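This structure is a prediction, so every number in the text was calculated from the model and none was measured.
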Amino acid sequence: MYYACIFGYTIHLLVHIILTLRFKKYTPGIVTVFFQLPLCIYFLALIPFTSSFLITSIFVTFVIFLNVWLLHQAMGTFAKWLKSYASGKN
């Protein structure tokens, strides 16, 4: 399961690179990608790819991306609440 999480996280790091290339400017997380991606690739190279690993990795990657999508959906509501809280109008 640990390696499946690393697999999902590696895909997430690749998305940061793709977004930076797409928007042609800084995106959050791009600096740390270059420190973390080599480690993830190294750890993934240590394990044999079996069918159970692949199935677990796909599931974990789906859960990670679902979590990121839900967080992005909630950002607007959270930003409004935070602004209200900061101004003392909770």
Cluster question for you: counting only ILVMFWY and a side-chain heavy-atom cut-off of under 4.5 Å, with indirect links fine, are [X] and [Y] together?
X	Y	result
I58	L66	no
F35	I41	yes
F34	L37	yes

If a pair satisfies side chain to side chain donor-acceptor pair (under 3.5 Å) and one of its residues is in residues 30-47, list it, with sequence neighbours excluded.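 Sorted pair list: Y9-Q36.
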Less than 4.5 Å apart, any side-chain heavy atom of V60 and any of F7?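 Counting from C-beta outward, V60 and F7 never come under 4.5 Å.
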Atom [atom1] of [X] and atom [atom2] of [Y]: how far apart are they, to the nearest 0.5 Å?
X	Y	atom1	atom2	result
M75	T77	CE	OG1	10.5 Å
L14	C40	CG	SG	9.0 Å
I11	I64	CD1	CD1	9.5 Å
T10	H12	OG1	NE2	10.5 Å

Verdict with reasoning, Y26 to V31, per side-chain contact (heavy atoms from CB on, under 4.5 Å): CA-CA 9 Å; Y26 174 80; V31 174; 4.1 Å; yes
For F53 and I47, what are the C-alpha separation, side-chain angles and deciding distance, and is it a side-chain contact (heavy atoms from CB on, under 4.5 Å)? CA-CA 9 Å; F53 171 76; I47 57 164; 3.3 Å; yes
Run the ring-centre check on F65 versus W69 and record whether the distance is less than 6.0 Å.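 Here the rings of W69 and F65 have centres that are no less than 6.0 Å from each other.
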Under the criterion side chain to side chain contact (heavy atoms under 4.5 Å, CB included), which of T20, L21, L13 is the partner of I30?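 In the set T20, L21, L13, the residue that makes a side chain to side chain contact (heavy atoms under 4.5 Å, CB included) with I30 is T20.
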Closest heavy-atom contact between G8 and T61?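 Taking every non-hydrogen atom into account, CA-OG1, 3.3 Å.
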What orientation do Y85 and W81 show, parallel under 30°, tilted 30 to 60°, or perpendicular over 60°?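 Parallel: the ring planes of Y85 and W81 meet at under 30°.
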